[in-house]
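Okay, so here's the structure we're looking at.
Remember, it's 1-based here, ligands and their atoms both numbered in the order they're listed.
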Amino acid sequence: MSNYHIKHLEEYYQVYRKSVRNPEAFWEEIAEEHFVWRKKWDSVLNWDFKKPEVKWFEGAQLNITENCIDRHLTTRGDKTAILFEPNNPKEEALHITYSQLHERVSKMANVLKEQGVKKGDRVCIYLPMIPELAVAVLACARIGAIHSVVFAGFSSNALSTRINDSDCKIVLTSDGSYRGAKTIDLKGIVDKALEDSPGVTSVLVVNRINSDINMKEGRDQWLQPLLDDAYGDCVPEIMNAEDPLFILYTSGSTGKPKGMVHTTAGYMVYTAYTFKNIFQYKEDDIYWCTADIGWITGHSYILYGPLANGATTVMFEGVPSYPDYGRFWEVVEKHKVNQFYTAPTAIRALAKENLEYVEKYDLSSLKVLGSVGEPINEEAWHWYNNNVGKKQSPIVDTWWQTETGGIMISPIPYVTPTTPTFATLPFIGIQPALMDENGKEIKDNQIDGRLCIKFPWPSIARTIWGNHERYRDTYFSAYENKYFTGDGAHRDAVGYYRITGRVDDVIIVSGHNLGTAPIEDAINEHPAIAESAIVGFPHDVKGNALYGYVILKETGEGRDRDNLKKEINQQITEHIGPIAKLDKIQFVSGLPKTRSGKIMRRILRKIASKETSNLGDTSTLLNPEVIKEIMENAF
Ligand code: PRX
């Protein structure tokens with residue numbers, strides 16, 4: 001028997017050693033015993049980080065939806081697969097059983113086929129957190145189409161860029177979405193995006209908010225009548241292990257967003273195995289991850305990981321503050337949630353509110369609490385532990401990335417003793433390395449370094465869609481033969497890891513990855529603006545917030561500054577989305593630059609963070625005089 005479910009610390013160390021000494025034998029055993037295959041693999045792993053190329057379970061054939069749905073039908077047909085909790089607490093929750101999910105996914109898959117979607121085609125999904133989103137994702141996987149989910153908070157511009165990059169011909173969306181007390185005109189955003197995406201020939205629209213929308217003839221159709229007419233069974237497409245399953249975009253420090261490509265077999269095995277252990281999922285548990293399926297957390301730990309284990313996974317449409325700040329806890333009580341997985345930014349926001357919002361509800365069902373997306377500060381960790389977990393539920397601080405597909409460093413609850421702010425130990429099969437400034441691996445403990453991974457794991461992204469060279473440059477060129485994460489980390493005396501944050505120009509705001517370059521590009525398009533530089537600074541709820549230094553063109557000098565600030569944020573909202581809005585904007589006459597013309601962001605970061613006592617070496621600056629001016633006028 002393989003070690004599918006780890007139950008104590010000694011077992012963790014023993015299994016970890018096994019997974020590192022002979023990774024192929026280890027993952028082969030897991031894959032063999034816990035999944036259904038149409039054909040087994042010819043080889044377990046082929047890899048070369050220099051190329052870079054990673055292939056797991058080559059030669060194997062499968063369909064991931066057979067693993068996530070069909071194989072549960074005999075034993076769990078009537079078990080709830082997806083428990084949908086709507087935005088409005090007065091609207092009834094919906095229990096979708098595995099049998100019903102099978103039918104819904106089949107119908108959706110048949111609708112997609114009728115629209116001409118074939119294996120390998122890309123399908124853009126721009127939907128709020130409603131059951132159709134989950135069903136659409138799985139329907140793509142059913143027929144071998146590659147889903148590209150775009151978070152429904154992104155702007156029309158961001159949507160269009162993503163549609164064009166992966167050449168999607170079809171978009172699934174809804175008339176609108178509910179977000180707390182507000183409604184959002186999603187179809188309007190799609191219409192605007194498609195002005196710049198002429199390749200899209202079909203738009204299928206879910207009716208979520210009953211609004212009167214524009215339907216373009218020959219292109220747009222309501223989805224429900226098509227589903228009503230579709231046949232309720234769909235033979236799954238047989239996929240190769242390394243066929244792409246999905247594309248998911250993430251921000252880079254420069255350039256346009258990167259379409260990370262995840263493939264089928266390795267992704268399935270790793271997300272399922274991590275889910276089982278990191279949430280210690282047991283058969284009748286109710287598991288809830290509050291992320292949006294538009295992010296990797298939702299892909300791996302609302303859908304694929306839980307469903308591959310036959311779990312009940314909660315899908316929440318709403319926000320933590322509606323109708324009041326007790327919503328999360330009301331839902332935990334109502335559905336007797338056992339595992340709860342959220343982001344530090346949500347915890348910090350709720351910790352600011354009256355404790356009564358938490359204390360009002362019975363949270364005794366909780367067994368495991370999770371955190372993801374950014375470092376969790378000590379204060380938030382304790383608040384979560386004391387008030388939500390009542391010191392009874394271990395907190396798993398899970399470190400990972402869109403690129404890693406699954407959780408990489410994390411405690412295993414009831415197994416790994418936790419320490420606030422530490423993601424603790426590498427998960428089974430993960431081989432981290434800390435690198436020094438000279439590119440050498442640091443073997444000591446109690447040290448800081450740049451975090452790399454030196455051996456492939458099954459769910460590593462295989463490439464960037466349409467740009468393998470960028471994939472190599474971004475992840476495999478900084479350190480020889482290693483995957484570079486872009487994060488810094490500390491390793492303590494016992495070998496626990498603590499993630500210290502990004503070491504590049506990516507800023508994590510409320511757990512969302514934002515590259516500085518696309519934001520600067522959006523600002524610079526404003527006719528009154530000559531140049532800009534964005535940095536992050538500490539924020540007590542969002543973790544980091546954005547600070548923009550902006551140089552006006554001569555023609556912009558006379559403009560009202562407050563209006564300009566509004567226009568800048570409007571510009572960002574239109575190009576990227578409201579999540580990338582700036583908290584602070586300072587107009588400056590120049591930006592500190594090196595002689596080669598590179599902006600010295602290090603200095604700007606210090607000024608924005610009010611850490612001006614030691615600005616470091618400024619002697620190499622072309623224009624040191626601007627620093628004084630910037631400091632004097634900083635907030
Ligand atoms: O900087 C790390 C931070 O989020 C980055 C990855 O962001 P994204 O691809 O959007 O995926 C987020 C959800 C998996 C990482 O490079 N990050 C993520 N989790 C943690 C974290 N930083 C500290 N602690 C974490 N637990």
Side-chain angles (χ1 to χ4, degrees), residues 149-151 153-154 246-253 257-262 267 270-271 274-275 278 289-302 304-305 341-348 369-378 380-381 384 395-411 416 418-427 430 432 448 450-453 457 459-461 464 474-475 478 483-490 496-515 536 542-544 577 579-580:
V149 182
V150 177
F151 170 59
F154 274 122
F246 66 86
I247 301 170
L248 186 61
Y249 287 87
T250 186
S251 307
S253 45
K258 300 172 286 191
M260 304 312 306
V261 177
H262 283 283
Y267 175 82
Y270 193 75
T271 53
T274 45
F275 173 77
I278 292 169
C289 165
T290 70
D292 192 291
I293 291 173
W295 309 112
I296 191 70
T297 307
H299 281 59
S300 303
Y301 299 110
I302 294 178
Y304 290 114
Y341 190 26
T342 196
T345 185
I347 298 166
R348 286 190 297 262
L369 300 178
S371 171
V372 60
E374 56 185 310
I376 178 164
N377 51 306
E378 200 148 354
W381 195 98
Y384 201 21
I395 296 177
V396 290
D397 177 359
T398 63
W399 173 82
W400 58 297
Q401 310 176 294
T402 306
E403 295 86 336
T404 68
I407 296 169
M408 302 288 280
I409 302 181
S410 169
T416 320
T418 59
T419 304
T421 77
F422 280 80
T424 74
L425 296 169
F427 189 70
I430 303 306
D448 283 5
R450 295 187 167 207
L451 181 62
C452 287
I453 313 290
W457 61 101
S459 66
I460 181 176
I464 292 174
T474 312
Y475 305 107
Y483 166 84
F484 175 45
T485 64
D487 282 324
H490 173 81
Y496 274 18
Y497 288 86
R498 169 195 201 166
I499 309 302
T500 48
R502 300 293 305 183
V503 296
D504 56 11
D505 289 333
V506 170
I507 305 169
I508 315 269
V509 178
S510 300
H512 301 315
N513 238 354
L514 299 173
K542 301 192 226 184
N544 293 297
I579 49 175

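Using a 30° and 60° split on the angle between ring planes, Phe422 and His490 fall in the perpendicular class, above 60°. Using the six-membered ring where Trp is involved, Tyr301 and Tyr341 have ring planes that are perpendicular, over 60° apart on the 30 and 60° scheme. Using a 30° and 60° split on the angle between ring planes, Phe151 and His512 fall in the tilted class, from 30° to 60°. Between Trp457 and Tyr483, the two ring planes are perpendicular [angle over 60°; tilted spans 30° to 60°].
Closest to atom 23 (C) of ligand 1, if we only count protein heavy atoms, is Pro375 N, 3.1 Å. Of all protein heavy atoms, the one closest to atom 15 (C) of ligand 1 is Asp487 OD2, 3.1 Å. Protein heavy atom at the shortest distance from atom 7 (O) of ligand 1 is Asn513 ND2, 3.3 Å.
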Next item on the list: Walk me through it: do Tyr249 and Phe154 pass the test ring-ring contact (aromatic ring centres under 6.0 Å, His included)?
Entry: CA-CA 11 Å; Tyr249 287 87; Phe154 274 122; 9.4 Å; no
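Less than 4.0 angstrom separates some heavy atom of Trp400 from each of these atoms of ligand 1: 6 (C), 14 (C), 15 (C), 18 (C), 19 (N). The Asp397 neighbourhood of ligand 1 comprises atoms 24 (N), 25 (C), 26 (N), with distances under 4.0 Å to a heavy atom of that residue. Residue Val372 has at least one heavy-atom neighbour below 4.0 Å for each of these atoms of ligand 1: 13 (C), 14 (C). Of all atoms in ligand 1, listed by their number and element, those nearer than 4.0 Å to a heavy atom of Thr402 are 8 (P), 9 (O), 10 (O), 11 (O). Close approach of ligand 1 to Thr297 is summarised as follows: ligand atoms under 4.0 Å from at least one heavy atom of the residue are 13 (C), 14 (C). When each atom of ligand 1 is checked for a heavy atom of Ile508 under 4.0 Å away, the hits are 1 (O), 3 (C), 4 (O), 5 (C).
Judged by distance alone, with hydrogens and angles left aside, the side-chain atoms of His299 form a donor-acceptor pair with the main-chain N or O of Ile293 at under 3.5 Å.
By the 3.5 Å distance cut-off applied to N or O atoms, Arg502 is counted among the residues near ligand 1. Note: an N/O pair closer than 3.5 Å links Thr398 and ligand 1 by distance alone. On a distance-only criterion, Gly373 and ligand 1 share at least one N/O pair closer than 3.5 Å.
Side-chain contact annotation: Asn377 with Arg348, donor-acceptor N/O pair under 3.5 Å present.
Contact annotation: for Glu374 versus ligand 1, heavy atoms closer than 4.0 Å belong to the backbone alone.
Looking only at side-chain heavy atoms (C-beta outward), Thr345 and Glu374 come within less than 4.5 Å of each other. The shortest distance between side-chain heavy atoms of Ser410 and Trp400 does not fall below 4.5 Å.
Look at Ala423 and you'll find every heavy atom at least 4.0 Å from all atoms of ligand 1.
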